There are 2 protein chains.
Amino acid sequence: MPRAGLDPVAVVTAGADLADEVGLSGLTMGLLAERLGVRTPSLYKHVVSLDALHRGIALLAARDVGLVLARAAVGKAGPEAVRALAHAYRHWALEHPGRCAATVRPPAAAAEKAAAAEKAAAAEKAAAAEKTVTAGKAAAAAKTAAGEKAAAAEKAAGDGKAAGDEEIRTVSEEALQVLLDVLAGLGLPPERIIDAARALRAAMHGFAGLEAAGGFGYPEDVDRSYDFLIDSLIAGFTARPADQ
Amino acid sequence: MPRAGLDPVAVVTAGADLADEVGLSGLTMGLLAERLGVRTPSLYKHVVSLDALHRGIALLAARDVGLVLARAAVGKAGPEAVRALAHAYRHWALEHPGRCAATVRPPAAAAEKAAAAEKAAAAEKAAAAEKTVTAGKAAAAAKTAAGEKAAAAEKAAGDGKAAGDEEIRTVSEEALQVLLDVLAGLGLPPERIIDAARALRAAMHGFAGLEAAGGFGYPEDVDRSYDFLIDSLIAGFTARPADQ
DNA sequence: CCAGTTGGCTAATTGCGTTAGCTTTAAGCT
DNA sequence: AGCTTAAAGCTAACGCAATTAGCCAACTGG
């Protein structure tokens, strides 16, 4: 009986793939173990808990989106870049519903342990606010994202609580940076770029979520509706750059 | 030992409230039973399963949003009505995260039974497409929504499978109608109103989802970002009504 | 007052996450 | 090569949540 040769990264990756197939809520330790040709408890040698597995998938997914978005925007600028990015995101989300669902993590199940969350929440976001970057260098984010995946993934999946979340925050930041870079090319006032990034993210995420859940009646015109959403947003962004 | 005097509606309502407190995934039969002063198995006298409970909550929630949106738009028209509606939705979503989460149901867990879903998916949405309604009569939807809640809620929670989903579809349709009515006041070409409704819904839902999940760094400027999103969308809608 | 339905209870089953403790593999080290 | 040791698998077992079966008491309508 030779060993299966598993490691945290392999487990998390297989978990992500499985989640894409059966849905994140359908991802079960037993199912994943079976997929990997191993008995359920063996997984705990690589992943500390199901929640940690989710965290690992979230980290993987955050890196994925960052890369996908960056690639999509390469060589483009302005509205065209935004459209390409939005298209790429939707494509990725539909292709990877499990990973996509993993990227949005409920705030610790809305119970106790509010203490640990407070301290970290306020500071780590300030960095992104000032980076009034210039467009076009989206590829830079991709390089960073392609780096040492293994170490971080192990950390996210292996650590008990906050360490993985911190890592996810960082990687998500990098993905957000791609949005900021691209939106900077629209000529928005600097203090509005963050708002625009949130708006675009919310729009893309919301649309993908509704679409994945079958929230739209007939599927034939969904493409057009998505284009309409993105185009409207772009037009709205650029129409009144100095509003309010 | 007097009886607890429960009925399906009471159970579903309590379930919705509990879900708002502990999150939809934190809603458990045992917890709900405890809340209602009853032992777990007793709940099954009123609700056929946990999934059916979720369905019942979804129905309740769909009715809630419809009502909330309709109320918000009363007496307003044009961009102002859209803003009011969007504000009301966000408020409701933050106030009722459990109900909100329940409104978006995964497509039968992405496994088997694809057969039953096919037949119903294509037809029942056609009705909404033609209703090129005039704005202002939003209150009409509210009346309908306020009607026989009890019967429908019981059906949704009590029935085994599809009957509840059908009911939900209908009620969601009514809520959507409010969106359509309000958006009709923006002067969009009729064939774009559906697209706009989807866009607005996706934007609101996505923003609320990210916000509830703590997806934004510092919470202080989130209000402004939301306004920016909605205003951009409105501006985009009206800026190029005959686009493409 | 009685019969029947109904709502609630206890007991028991199943599936899943997780822990404990044993065993063997596969590296190293000498 | 032989020995040691940490890691990776395995089996057994616990706890919790969903669900079912079957019993009994409490309202309901006559």
Side-chain angles (χ1 to χ4, degrees), chain A residues 1-15 18-19 22-57 98 102 106 108-112 150 153-155 157-161 164, chain B residues 1-15 18-19 21-57 98 102 106 108-109 111-112 150 153-154 157-161:
Chain A
M1 46 301 271
R3 294 210 176 165
L6 295 180
D7 61 87
V9 185
V11 171
V12 170
T13 306
L18 189 52
V22 301
L24 188 61
S25 58
L27 173 62
T28 194
M29 287 302 228
L31 202 56
L32 179 55
E34 185 183 9
R35 168 72 59 103
L36 291 169
V38 113
R39 299 307 189 108
T40 306
S42 303
L43 293 182
Y44 289 83
K45 287 291 159 76
H46 308 290
V47 162
V48 106
S49 70
L50 180 64
D51 190 66
L53 175 64
H54 284 161
R55 223 162 19 236
I57 295 175
E112 53 287 304
E154 285 192 31
K155 199 160 130 198
D159 251 320
K161 269 298 163 193
Chain B
M1 46 302 277
R3 292 207 179 173
L6 295 181
D7 61 87
V9 185
V11 172
V12 170
T13 306
L18 188 52
E21 294 172 31
V22 301
L24 187 61
S25 58
L27 172 62
T28 193
M29 287 301 231
L31 202 56
L32 179 55
E34 184 183 9
R35 168 72 60 100
L36 290 168
V38 113
R39 300 307 188 109
T40 307
S42 304
L43 293 182
Y44 289 85
K45 286 290 161 76
H46 307 289
V47 161
V48 105
S49 69
L50 179 64
D51 190 66
L53 175 63
H54 284 161
R55 226 166 11 238
I57 295 175
E112 54 287 306
E154 284 191 31
D159 250 320
K161 268 300 162 192

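Predicted model only: the values in this text are computed from it and were never measured. Every chain is numbered from 1, with letters handed out A, B, ... down the list of sequences.
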K.L.:
For C:dG17 and A:Thr28 - does any side-chain N or O of the residue sit under 4.0 Å from the phosphate oxygens OP1/OP2?
P.N.:
yes
K.L.:
Could you write nucleotides 4-9 of chain D as a row of B, S and -, 5' to 3', where a protein heavy atom under 4.0 Å of any base atom gives B, of only sugar-phosphate atoms gives S, and otherwise -?
P.N.:
---BBB
K.L.:
When you measure from the side chain of B:Met29, which nucleotide among D:dA18, C:dG17, C:dA20 comes out closest?
P.N.:
D:dA18
K.L.:
Without decimals, in angstroms, what is the distance between B:Leu36 CG and C:dG7 P?
P.N.:
14 Å
K.L.:
What's the separation between atom CD1 in B:Ile57 and atom OG1 in B:Thr13, rounded to the nearest 0.5 Å?
P.N.:
9.0 Å
K.L.:
Can you check the A:Glu34 CD to D:dC10 P distance for me, whole Å?
P.N.:
13 Å
K.L.:
Atom OH of A:Tyr44 to atom C1' of C:dG21: distance rounded to whole Å?
P.N.:
17 Å
K.L.:
Is any side-chain heavy atom of A:Leu36 closer than 4.5 Å to a side-chain heavy atom of A:Leu43?
P.N.:
yes
K.L.:
So how far is it from A:Thr40 OG1 to A:Glu34 CD, rounded to the nearest 0.5 Å?
P.N.:
9.0 Å
K.L.:
Can you measure B:Asp51 atom CG to D:dA17 atom C1' for me and round it to whole angstrom units?
P.N.:
15 Å
K.L.:
Rounded to whole Å, please give me the gap between CG in A:Leu53 and P in C:dC16.
P.N.:
15 Å
K.L.:
Calculate, to the nearest 0.5 Å, the distance between atoms OG and NE2 belonging to A:Ser25 and A:His54 respectively.
P.N.:
8.5 Å
K.L.:
I need the A:Ser42 OG to A:Met29 CE distance, nearest 0.5 Å.
P.N.:
11.0 Å
K.L.:
Atom CG of B:Leu18 and atom OG1 of B:Thr28: how far apart are they, to the nearest 0.5 Å?
P.N.:
9.0 Å
